[in-house]
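What follows is a set of notes on a single structure, which appears directly below.
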Number of protein chains: 2
Amino acid sequence: MTTATNPRALPHPAREEIRLEAVLHALADPVRLLIVRTLAAADVELNCSAIELPVTKSTSTHHFRVLRESGVIRQTYQGTAKMTALRHDDLDALFPGLLPTVLTAAGHQSARDTVRG
Amino acid sequence: MTTATNPRALPHPAREEIRLEAVLHALADPVRLLIVRTLAAADVELNCSAIELPVTKSTSTHHFRVLRESGVIRQTYQGTAKMTALRHDDLDALFPGLLPTVLTAAGHQSARDTVRG
DNA sequence: TTCGTAGTTTGACGGATGTCGTAGTACGGT
DNA sequence: ACCGTACTACGACATCCGTCAAACTACGAA
């Protein structure tokens with residue numbers, strides 16, 4: 001290391017700072033909803049690049065940041081990789097059942113879309 | 001009447017056309033969330049002007065349209081008044097529990113905000 | 001028919017958003 | 001020390017969003 005003591009810290013909102021409007025806005029984008037669904041399905045921390053997205057890497061970075069700054073995900077560095085996890089505890093404490101309900105709704109819609117072309 | 005047979009028809013999406021992303025986006029705005037909460041609390045069809053909003057009338061019209069076009073509310077004319085109701089049935093059929101969960105979350109957040117200034 | 005009330009439409013404007021490409025930074029391995 | 005991988009930062013761009021004011025339309029009442 002050269003100068004930094006805590007090389008790459010990522011700003012996260014504290015639990016009390018998480019706003020419902022921001023969470024809903026974060027989940028309202030198809031790419032971000034895909035990220036969240038993938039994280040929920042994996043049920044473990046995931047590397048950013050483990051989630052295939054139909055956008056470039058800079059756009060991915062943008063979406064991950066929106067999710068992080070709204071309080072939906074938590075991100076930490078592990079070497080060059082950046083691990084991402086859903087903030088299930090905080091979200092469930094603030095907005096009980098919201099995330100599971102949205103995930104179920106997304107699953108239903110996805111199933112309907114698949115059936116009807 | 002002069003020419004029109006069905007004077008003022010308002011376009012609503014059919015149940016199958018309602019998209020989760022659009023619903024979440026509609027709910028992600030503070031003014032619109034206030035509208036939805038007020039409708040849910042009233043539990044009956046409401047006149048537009050019965051909901052006091054911190055914006056001008058043209059902005060209100062805009063927000064009501066976003067809610068209607070996303071499938072969250074249904075609007076019908078009754079004379080000069082425009083009645084508005086939540087599309088509880090359709091939303092619950094498509095995304096079970098989503099609307100109640102969001103409303104509960106909004107209530108919790110509002111209570112927290114009130115307590116902590 | 002005239003007026004007032006209720007809501008719409010249009011145009012404008014500033015700010016946010018989603019997207020990309022290019023250049024840059026941080027870390028691990030050779 | 002060097003290189004490659006992984007992700008970030010910045011700038012650009014088109015679009016969308018929330019807001020307003022002003023002009024307009026529709027209906028009911030006097």
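Bear in mind that the values here come from a model prediction, so they are computed numbers and not experimental data.
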What is the separation between atom CZ on B/R68 and atom C1' on C/dT9, rounded to the nearest whole Å? 13 Å
Side chain to side chain donor-acceptor pair (under 3.5 Å) pairs, two or more places apart, involving residues 29-42 of chain A: A/R32-A/H63
How far does CD of B/E21 sit from CD of A/Q109, to the nearest 0.5 angstrom? 5.0 Å
Nearest whole angstrom, please: distance from the P of C/dC27 to the OH of A/Y77. 9 Å
Ion pair A/D89/A/R74, N-O distance below 4.0 Å: no
Between A/Q78 and A/H63, which is nearer to the 5' end of DNA chain C once each is assigned its nearest nucleotide? A/H63
Rounding to an integer number of Å, can you tell me how far A/E21 CD sits from D/dC17 P? 17 Å
Taking salt bridge (Lys or Arg N to Asp or Glu O under 4.0 Å) as the test, write out the residues that go with B/R68, two or more places apart. none
Can you tell me how far C1' of D/dC16 sits from CZ of B/R65, to the nearest Å? 14 Å
Value in whole Å for how far the C1' atom of C/dG7 lies from CD1 of B/I73: 13 Å
Round to a whole Å and report the spacing from CG of A/L53 to P of C/dC20. 11 Å
Using a 3.5 Å cut-off and no angle test, enumerate the donor-acceptor pairs between side-chain atoms of residues 95-105 of chain B and protein atoms at least two apart in sequence or in another chain.
| residue | atom | partner | partner atom | Å |
| --- | --- | --- | --- | --- |
| B/T101 | OG1 | B/G97 | O | 2.5 |
| B/T104 | OG1 | B/P100 | O | 2.9 |

Output all residues satisfying side chain to side chain donor-acceptor pair (under 3.5 Å) with B/N47, sequence neighbours left out; order by chain, then residue number. B/S49
Give the residues of residues 29-37 of chain A touching DNA chain C, defined as any heavy atom closer than 4.0 Å, sorted by residue number. A/D29, A/R32
Please report the closest heavy-atom contact between B/P54 and B/L34, naming both atoms and the distance. CD-CD2, 4.4 Å
Between P on C/dT17 and CG on A/L27, what's the gap in Å once rounded to a whole number? 15 Å
Could you measure the distance from the OG atom of B/S60 to the CD1 atom of B/I51? Nearest 0.5 Å is fine. 9.0 Å
Would a hydrophobic clustering, with Ile, Leu, Val, Met, Phe, Trp and Tyr connected at side-chain separations under 4.5 Å, put B/V36 with B/M83? no
Which nucleotide in the set D/dT19, C/dT9, C/dG18 lies at the smallest distance from any side-chain heavy atom of A/H62? C/dG18
All N/O contacts under 3.5 Å from nucleotides 20-24 of chain D to the protein, with atom names and distances to one decimal?
| residue | atom | partner | partner atom | Å |
| --- | --- | --- | --- | --- |
| D/dC20 | OP2 | B/T56 | N | 2.9 |
| D/dC20 | OP2 | B/T56 | OG1 | 3.4 |
| D/dC20 | OP2 | B/T59 | OG1 | 3.1 |
| D/dA21 | N7 | B/S58 | OG | 3.3 |
| D/dA21 | N6 | B/S58 | OG | 3.1 |

